[in-house]
Amino acid sequence: MFRGRPRTRFVTTALAAVLIGATAACGGGPVEAEQDPNAALDIWIRKPPDSPTAQTARDLAAAFTEETGIPTEVTAIFEDFETKLQQAASQQDLPDIVINDTAQLSTMAGQGIVREIDPADIEGGDTLTPRSWDATRTYDGKTYAVPFSAQSFALFVRKDWREAVGAEIPTDWDELQALAEDFTTEDPDGNGEDDTYGYVVPGSTKRGYTAWYYSSFLWSAGGDFVTASGDGLAPAIDSEASVSALRWFQDSMCDGTVVPDAVTLETSQAHPLFESGVAGIYFTGPYMMSRFDENLGADKYEIVALPAGPGGTSSVLAEGENVYLMAGSANEAGQERFAEFAVSVTGQTIGMAGDTAGNIVRLPVNTEVAIGDVRTDERWRIFDEVYRESGRYVPTVPEWTPLLQASAESFNTILADCGVDVATELGALATTMAEELEKQGATG
Amino acid sequence: MTTTGHPVTARPVDAEPVPSPGPARRRRRFGPHALRNLLVAAVFLAPALLIFLAFKFIPMVRAVEMSFHEVRPYLGNLWVGLENYRTLLDSDDFLPAVWHTVVLAVGQTGGSMVVGMVLALLLEGGARHLWFIRTAVFLPTVVALAVIAEVWRVLYYPGEAGVVNSLIGWVGLGPSQFFNSADTSLWSVMSVGIWRGAPYDMMIILAGLAGVDRTLYEAAAVDGATIRQRLWHVTFPALRPVFAILFTLAAIRGLRVFTEIYLLTDGGPNGSTEVIMTLMFKLGLDRSELGVASAGSIMLLLATVVLTLAVQLARRRRADRPRKEAPSR
Amino acid sequence: MSRTERFDTALGFTTAKGPVMRVVRWLVYAVCVVVFAGPLLSLLVNAFTPVAKPTELTLIPDEITLDNFARAFDRGVLGYLLNSFFVVGFGLLLQILVSLSAAYALARKRFPGMRLVFLLILSTMMLPEEILAIPLSLVLADVPLVGVDLTGTLLGMIIPVAAWGFSILVMTEFMKEIPVELEEAARIDGAGEFRIFFSVVLPLCRPALGVIGIFGFVMIWDQYMLPLLVADDAGQYTLPLALRTLRTDPEVGLGVLLAASLLALLPSVIAFLAMQRQFMKGLTSGAIKG
């Protein structure tokens, strides 16, 4: 490389110069923006562009502008929302408002891209359900968002199939399992072929789907991911109830009542299995109703609350969306006014979008909004009841994602291999979780 | 356009060695010609290098920098030294992921090249119907991966009614679980990779075949060579630059396999298809830990550089046998 | 032509005579097409069916509908398609020019630091895009040396793809094989560098042009991270971005994704057919002269 040397040196120097320039440009530090109470609000929502839901978000923003005179611009981003948000953060050019999943709370707070708020400052904050406020607090007890929408999950059951096999609506887990077996073996679609299954389960590890899906079942069986221990948390995933819950999952997989490709199934691949008649029981959210009504027919399926499990109760995953007030905004007063408007009766009603597919508020968080006044579709009441009576958010830990992901990997292992010993696998998971909790400083 | 028809000849390896001035490094003279060459080269290389500098090298340097930090744009980055690298290396899944990556890289590269070679040989020719057949065969390469993933989920449906299961059922095999069992998932993913990669290689090999001097085939026929001998002594040697490209590409791409796995199995079931990139995605990007993700990619980059250098060295050793060099005067 | 026909291909398989070979040949073709194109075609049939069943392949649907396309258009797919066309058109043109020019320097000149440059170019292909996203987005918002903000413009999706290591690599290998005598003759005739580049070397690169054209098209057409980082809103989306959204959008079914994919696929197939002609021309002209 005799000849190469001078050139190498030149390139190295150039790169070094560039590196210094780049570093200087991105020196961190909290950003304080000069305030302007009339500055336009940039609003991002995690919805597909050009979808009815994106349109509802624009309607909501327009109503806000009409009431307050503060201009708004709505951007709908879907699949890559988190990437775009990271990009905006690294350019220190965040939107003012983000409407996104409750699950993003601890990640966003940890990165310092959302503002802490005092619920008492939010006008009308006291009219919101206390449960919905739970989803806005991080482990250290600080509040980083205003609740906007809530939702819960329920069983979607093929009504025509159930009637074909002559079964009643299941009221406990044994009946549920018996129904799944009938769907698998009794040829419920009557095509003379053995090509149907009981459950659709999105059991891919992607985004922790396996653990996300089974969390309601785990809780209803009396099991849990983590439990309070002293001032902190300890794993509960290796408890007796948790182990027997996971055994139940493994059995349903291994006796063939779950669709055979469950362990690599993402939610988007799971929906077609239900609507095209591969399997007849699907535990999912109310957002699927408009699609299934269109592709399958509203008369072909019914919505059933998850029956109480061996734990004696029904405890169903609750989720929702929050309004996040982002850091570095030039109009912090405007951010708060938007949040207040979004949770007001007017804002919630616009967001619920009647019976249309455009709802961005699935279940209202404002106690003054009666769901029956806005929607005629009775099925929403089931989800509302489930949310109010058995809804349960994921545990509040400093960071939930690593725990969810580790659980998903373990659950996936248990489902994929009928020879795996559940107690041993969950024991290993508990060790991993304990280490992670320790790392997050949450062991008390 | 009088020169259009000139054949792009590849020199057969057995031909008379051409005396060559040898690589530049052996000559220490740095004359006005060399200077002129440097200037001309600089002008012709400038557009590419400037674009690379702005959109590749600078981001790359930034990624190196990020790999030593906990990245928090609004709170200020924290220097964490090698902590991000440790996070990755300490993960129990790291070594299996490296192993899966290597198995996949070797299997897919080899498989694609062999199948691509066979396809190229079978489908070479100027007839119009071949045009359409080649286009049909090339389809897997131009279809979005999201769709490919859905196709293969259908083909590989693990029930007895699944398409591939029905096919292998005829010869008394199966039903296989394919993606859904830890025993078969890696092979299933590899087959999809070969299915999508082979037509790609086929096109590059076809382009190479187009450059083979036809008179050599004729000469071989006159000498009474069999088809096998013709392939071995005329075609394959002439395809050397093509293999050079394919091997270099394989070295570069092999380790960063990601999208197929992400869409098909996301590393599951039971971690049986976890590769370096999907692991990194879970440890870094899923949790928005950009530092960890960067550390992973820097390690991947280093490994890739080493591998590429190895391929280049192996190539050079072979190429240092006499060959025509570009003019240096 | 007929005299040399049997020497047109390495194997002589596609030109072999006789009824038996004819049958064998068409059998081989059929297997190739069924294996590589069959699954895709049958899935695309599902773009025209109301509800796709994800466990079986159908080639003849029970019911044909254009609903999926209508819904895809509702989701703005037509606009995304136009954006994609614009980006791929200008991007590919630039990319070919830049690749040819760089390859000329690398294949035909010897200069100090050449190996380093070569390695640098290879290294640009080594880092996964998913990782470079954040640093790249900073660069796009403030391009070094010129200080322009490319976000929110289609130009931001074109300029970064104009230099592609793969094209440069392929072109370099091909140019190395072009005999130097022609070039030297032109130089003796007093032709300058650019003249030699355009009128001597370029015409000889035709078969390779087809190759980098095809691969360049696929590469730019499939770009997804770059448009994502550049686009400010859905108005600048390209088709791959829309496909990702449609894939996971719970409100639409698989059929809509397939309908949009079919639209995304057609231009690639057409481009492929068109550039294969170019590629073939290079091939046959070489054969005739040989």
Side-chain angles (χ1 to χ4, degrees), chain A residues 1-8 10-11 18 21-22 25-26 47-54 73-80 83-84 86-91 93 195 197 259-261 265-273 275-278 284-285 287-288 290-292 294-296 357-358, chain C residues 46 49-56 67 71 73-77 79-80 110-117 119-120 130 133-142 144-145 149 151 224-225 228-235 237 241-255 257:
Chain A
M1 290 302 276
F2 174 78
R3 284 290 166 84
R5 215 174 289 148
R7 186 101 186 154
T8 318
F10 164 73
V11 173
V18 164
C26 297
K47 294 292 173 201
D50 296 310
S51 67
T53 43
E73 191 183 343
V74 175
T75 307
I77 304 169
F78 192 55
E79 177 67 4
D80 300 292
T83 310
K84 282 305 268 189
Q86 284 297 336
Q87 178 186 8
S90 61
Q91 291 168 353
D93 185 22
D195 60 355
Y197 301 91
V259 289
D261 55 343
L265 212 53
E266 295 170 35
T267 49
S268 60
Q269 296 155 340
H271 311 324
L273 290 171
E275 71 192 3
S276 69
V278 176
T284 186
Y287 48 91
M288 293 312 299
S290 65
R291 170 168 162 182
F292 289 161
E294 187 173 326
N295 290 348
L296 180 62
Chain C
N46 284 334
T49 58
V51 179
K53 194 164 186 175
T55 53
E56 56 196 39
D67 280 2
R71 297 191 69 178
F73 284 129
D74 281 349
R75 290 299 171 92
V77 163
Y80 306 146
R110 286 217 149 256
F111 55 93
M114 189 173 97
R115 281 182 192 167
L116 182 74
V117 171
L119 201 72
L120 279 177
E130 288 79 8
I134 296 305
L136 179 61
S137 72
L138 292 172
V139 165
L140 286 166
D142 181 16
L145 312 175
D149 182 1
T151 55
Y224 133 77
M225 192 51 86
L228 172 68
L229 297 176
V230 170
D232 272 346
D233 60 59
Y237 275 19
L241 284 183
L243 286 183
R244 269 179 73 94
T245 299
L246 289 176
R247 191 176 109 83
T248 43
D249 185 350
E251 289 160 29
V252 302
L254 188 59
L257 171 69

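Here is the naming used below: chain letters follow the sequence lines, and residue numbers restart at 1 for every chain.
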- Message: Is it the case that the side chain of A:Lys84 and the backbone of C:Ala231 share a donor-acceptor pair, with hydrogens and angles ignored and the cut-off at 3.5 Å?
- Response: yes
- Message: At a heavy-atom distance under 4.5 Å, which candidate from A:Thr267, A:Asp261, A:Leu273, A:Leu296 has the highest pair count against chain C?
- Response: A:Leu273
- Can you tell which part of A:Thr75 gets under 4.5 Å to a heavy atom of chain C, answering side chain, backbone, both or neither? side chain
- Note on the structure: Note: vs chain A, highest number of non-hydrogen pairs under 4.5 angstrom among C:Gly253, C:Pro135, C:Gly255 is C:Gly253
- Sorted by chain and number, sequence neighbours left out, side-chain contact (heavy atoms from CB on, under 4.5 Å) with A:Arg291 holds for A:His271, A:Pro272, A:Glu275, A:Met288, A:Asn295
- Can you say whether C:Val252 sits under 4.5 Å from chain A via the side chain, the backbone, both, or neither, judging by heavy atoms? backbone
- Task: Give, as side chain, backbone, both or neither, the part of C:Ala242 having an atom under 4.5 angstrom from any heavy atom of chain A.
- Result: neither
- Is it true that the side chains of A:Asp50 and C:Tyr80 contain a donor and an acceptor less than 3.5 Å apart? yes
- Under a 4.5 Å heavy-atom cutoff, which of C:Thr248, C:Ile134, C:Leu254 has the most pairs with chain A? C:Thr248
- Query: How many angstroms lie between atom CD of C:Glu251 and atom OG of A:Ser51, to the nearest 0.5 angstrom?
  - Reply: 5.0 Å
- Task: First locate atom CZ of C:Arg247, then atom CD of A:Gln269, and finally report the distance between them rounded to the nearest 0.5 Å.
- Result: 5.5 Å
- Euclidean distance, A:Phe78 CZ relative to C:Leu246 CG, rounded to 0.5 Å: 10.0 Å
- chain C contact via A:Asp93 - which portion, at a heavy-atom distance below 4.5 Å: neither
- Message: When you measure from the side chain of A:Gln87 to the backbone of C:Leu229, do you find a donor-acceptor pair of N or O atoms at a distance under 3.5 Å?
- Response: yes
- Query: Relative to chain A, which segment of C:Pro250 carries a heavy atom at a distance below 4.5 Å: side chain, backbone, both, or neither?
  - Reply: both
- Measuring from A:Lys47:NZ to C:Asp249:CG, what's the distance to the nearest 0.5 Å? 9.5 Å
- For chain A, find which of C:Asp233, C:Thr151, C:Leu228 contributes the most heavy-atom pairs closer than 4.5 angstrom. C:Leu228
- Distance in Å, C:Met225 CE paired with A:Asp80 CG, rounded so as to fall on 0.5 Å steps: 6.5 Å
- Message: With chain C as the partner, which of A:Ala76, A:Pro52, A:Ser290 has the greatest number of non-hydrogen pairs under 4.5 Å?
- Response: A:Pro52
- Task: Measure distances from C:Asp142 to the heavy atoms of chain A and classify the residue's part below 4.5 Å as side chain, backbone, both or neither.
- Result: neither
